[in-house]
Engineer: 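Can you keep this structure in mind? I'll have questions shortly.
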Amino acid sequence: MSRQELQELAHNKAFAKITMLDIDIDELKSDIKNEMYGGLDREQMEMLYTETLREREVWNHIATIIETNN
């Protein structure tokens, strides 16, 4: 595998992960708003939401590194 192919695969993987995290964030936000906790309490759902936001921030950073790495 060439360096260019590896770079493109890493880029695609990072952005796929960010997209999935965006979907998770939207669902968690909606679940919290509608009080649909699925066996968790509100505090746990809010913690899950906060940690998912944090994970997206990390993946955005990773994507930036991938994009700027030639």
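Only a predicted model underlies this, so the values are computations on that prediction, with no experimental measurement involved. Residues: numbered from 1 along the sequence shown.
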Engineer: Just verifying a value: how many Å separate Glu51 CD and Glu57 CD, rounded to the nearest 0.5 Å?
Structural biologist: 11.0 Å
Engineer: Using every non-hydrogen atom in the two residues, find where Ala14 and Ile66 come nearest and quote the distance to one decimal.
Structural biologist: CB-CD1, 4.0 Å
Engineer: Judged by atom type as modelled, is there a donor-acceptor pair below 3.5 Å linking the side chain of Glu27 to the main-chain atoms of Asp24?
Structural biologist: no
Engineer: Kindly compute the distance separating CG (Asp31) from NZ (Lys29), expressed to the nearest 0.5 Å.
Structural biologist: 12.5 Å
Engineer: Which residues end up grouped with Met45 if you chain together Ile, Leu, Val, Met, Phe, Trp and Tyr wherever their side-chain heavy atoms are less than 4.5 Å apart?
Structural biologist: Ile25, Leu28, Ile32, Tyr37, Leu40, Leu48, Tyr49, Leu53
Engineer: Which residues satisfy the salt bridge (Lys or Arg N to Asp or Glu O under 4.0 Å) test with Glu8, sequence neighbours excluded?
Structural biologist: none
Engineer: Do side-chain atoms of Glu46 reach the backbone of Asp41 as a donor and acceptor pair under 3.5 angstrom?
Structural biologist: no
Engineer: Quick one: CD on Glu43 to CE on Met47, what's the gap to the nearest 0.5 Å?
Structural biologist: 7.0 Å
Engineer: Does the Ser30 side chain pair with the main chain of Asp26, one donor and one acceptor, at a distance under 3.5 Å?
Structural biologist: no
Engineer: Which distance, rounded to the nearest 0.5 Å, do you find between the NE2 of His11 and the CD of Glu67?
Structural biologist: 4.0 Å
Engineer: Judged by atom type as modelled, is there a donor-acceptor pair below 3.5 Å linking the side chain of Glu55 to the main-chain atoms of Leu21?
Structural biologist: no
Engineer: Please check this pair: side chain of Asn34 against backbone of Met36, looking for a donor-acceptor N/O pair closer than 3.5 Å.
Structural biologist: no
Engineer: Between Phe15 and Met20, is a side chain to side chain contact (heavy atoms under 4.5 Å, CB included) present by the stated rule, with each step listed?
Structural biologist: CA-CA 9 Å; Phe15 281 95; Met20 292 307 299; over 6 Å; no
Engineer: May I have the step-by-step check of side chain to side chain contact (heavy atoms under 4.5 Å, CB included) for Lys17 and Asp22, ending in yes or no?
Structural biologist: CA-CA 9 Å; Lys17 182 65 174 179; Asp22 285 339; over 6 Å; no
